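Below, chain A is the first sequence line, B the second, and so on; all start at residue 1. As the structure is a computational prediction, the values presented were derived from the model and not from experiment.
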2 protein chains.
Amino acid sequence: MKYIGVDIGGMSVKCGIVTEDGKLLYKETAPIKTDDEDVAILKDIAALVDSVIKGGGVDRQDIAGIGIGCPGSVYDEKGIVRYSCNINFRNTLMADIMRKLCGIENVRVSNDANCAALGETKFGAGNGAKNSVMVTLGTGVGTGIVVDGRLLTGNKSAGAEGGHIQINMGGAECGCKKRGHYEAYASATALMAQTEAACKKHPESLLAEYAKKHGIDGKTVFACAEMGDKVAIATLKRYIKYVGMGLVTFANIFFPEVIIIGGGVSNAGDALLKPLQRYVSKNVYGAEYAPKIKVALATLKNDAGIIGAATLCM
Amino acid sequence: MKYIGVDIGGMSVKCGIVTEDGKLLYKETAPIKTDDEDVAILKDIAALVDSVIKGGGVDRQDIAGIGIGCPGSVYDEKGIVRYSCNINFRNTLMADIMRKLCGIENVRVSNDANCAALGETKFGAGNGAKNSVMVTLGTGVGTGIVVDGRLLTGNKSAGAEGGHIQINMGGAECGCKKRGHYEAYASATALMAQTEAACKKHPESLLAEYAKKHGIDGKTVFACAEMGDKVAIATLKRYIKYVGMGLVTFANIFFPEVIIIGGGVSNAGDALLKPLQRYVSKNVYGAEYAPKIKVALATLKNDAGIIGAATLCM
């Protein structure tokens, strides 16, 4: 049997066909109209599922289920998306609607970061660990947490919203409109804002010049830091400290064997990973006496969401 | 059978005799010399255990085990206290040493806040909840977390150090020497420092006058706020916001059915509880769409640590 995994993001939807042993056979990506009515958004997604089934050359009868990862507050058991701060889902009966639209009975929904963590834990970097925290640095910051081998979801699966922990009281405004949340400092969106601010403050820098030429994205500051630009290096150092503060908070609460970094920013590789590992090892509570926590990059990379979502209905 | 529960704190050690159904029959309290050698501290504690057995009028043969709750990083499985920031324990083989000193085989050690959470969950305010977070506002801030009915301890039980989450980057210094941790804002120690600062800033206030007469403790600001002093009301309001920020962080990660507030500060009752409940209900992620989280005062009060520690060896 094959499984469909759908990974809904703030900018696009990814959809793919996944085998029982976690291999991604085929995938497609489509833009998302985040301000549309929820049913209209889901119709677009159902069309993407159809396109993937056709494009992947599989029989609809061979599809054993559809798993969907969605940002925000998801009630897994009932397949309801209660709230998503970047997309117009409000108490959306996602599983029911998709079941009807796609004509496939087995539809499961979970938080996107939970899906990624589940995929990485089962088929990627977290393999073998009993306790893991996966932090996804994308449009927002998502977290998926495995405790003693089980996905942490909280009462009515409203938990694991680690992007919305307080790290700086009264600080930068978050997508959810509260101030000082982790997401407001550590997301790719936040990194781009920090890069833009650095360019404005230092128009003479290589960073500003580079940004003018190529535009700003999550890679800009890494590229310029590698070229030795001091402004980029300082901006990156501060961003890594922000990311690290959240990781240490998760470390002190969960003390997992491994913290997995995913999302677009994680493509920076060692330039992100090595200083983060140092930050966590140095700042974790009782550092000299406590067990080591490994910080690792997601190995399934941007496919973790699709594979993890598909894992939901296996 | 009866069980001994030992609750080690930054200022004193409490020890009592507990029945199988969580009733505390008898207890004693003794001061702790936090700077002594670890073995010397444990000899004092063993003497307290002896005194309790005699004072409680039970036969040593009727004692089925000793459970010990200790602040800091504890390795439950091996009974080792790796590190305690307020007491001179460093990789201390607490279970082994106490086993020899007391001549009782069944000795278990866990983090003090874990013990309190276990006691409250089994015999107190958390009864019936599958997911709970207990926050102990004392000399430091401890947390004990129950996920799906099980105590969260993390790899080698180094986790659940919720007093050391980052809530204000670069902020007040914590007992562990890092900056901006929850404990540095929400502990009784922090509340006393905040009260003292308010007295210095407003020497004309009723708060300052009251403090001069009675000294400052964790109750001072509550007493003066009740008398209508504006400085006390503002100081208390800010403190409650600090405590609330941490609770919301735990709420967004764990989404428990109940958050239990314990420790000396919790004796303030409704003056603490009601505004905290409002703060959590208002600020939790997706507040309008998410399930309600009840904030409750610990019902076992200061005995939760003793009862919970005893529960460890049941």
Leading residue by heavy atom contact count with chain A [cutoff under 4.5 Å; candidates B:G286, B:G162, B:P291]: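 The option with the most such pairs is B:P291.
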Top contributor to chain A contacts, counting heavy-atom pairs under 4.5 Å, from B:V248, B:N91, B:N168: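 Looking at each option in turn, the highest pair count goes to B:N168.
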Rounded to the nearest 0.5 Å, what's the gap from [atom1] on [X] to [atom2] on [Y]? Could you check?
{"X": "B:M245", "Y": "A:K178", "atom1": "CE", "atom2": "NZ", "value": "12.0 Å"}
{"X": "A:T153", "Y": "B:N131", "atom1": "OG1", "atom2": "CG", "value": "7.5 Å"}
{"X": "A:L152", "Y": "B:F255", "atom1": "CG", "atom2": "CZ", "value": "12.0 Å"}

Over all atoms of both residues, closest heavy-atom pair of B:Q166 and A:T249: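 In terms of heavy atoms, the two residues are closest at N-OG1, 2.9 Å.
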Given that the side chain runs from C-beta out, which part of [X] has a heavy atom under 4.5 Å from chain A: side chain, backbone, both or neither?
{"X": "B:K177", "result": "neither"}
{"X": "B:C85", "result": "both"}
{"X": "B:Y182", "result": "neither"}
{"X": "B:I167", "result": "both"}
{"X": "B:I293", "result": "neither"}

Residue-level contacts of residues 72-80 of chain B with chain A, using a heavy-atom cutoff under 4.5 Å: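 B:G72, B:S73 fall under the 4.5 Å cut-off.
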Heavy atoms from other residues, nucleotides or ligands near CD of B:E173 exceed 12 (cutoff 6.0 Å):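 Yes.
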Pairing residues for B:Y279 by the ring pair (Phe, Tyr, Trp, His ring centres under 6.0 Å) criterion, not counting sequence neighbours: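 B:Y279 satisfies ring pair (Phe, Tyr, Trp, His ring centres under 6.0 Å) with no residue once adjacent residues are dropped.
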Among A:N252, A:N283, A:V284, residue most engaged with chain B (heavy-atom pairs, under 4.5 Å):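 Among A:N252, A:N283, A:V284, the one with the most close pairs to chain B is A:N252.
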Parallel, tilted or perpendicular, as decided by the 30° and 60° cut-offs, for the rings of B:Y285 and A:H164: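 If you compare the ring of A:H164 with that of B:Y285, the planes turn out parallel.
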Contact check, side chains of A:N155 and B:K130, non-hydrogen atoms, under 4.5 Å: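 Side-chain contact under 4.5 Å: no.
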Residue pair B:D148 / A:D148, side-chain heavy-atom distance below 4.5 Å: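 Side-chain contact under 4.5 Å: no.
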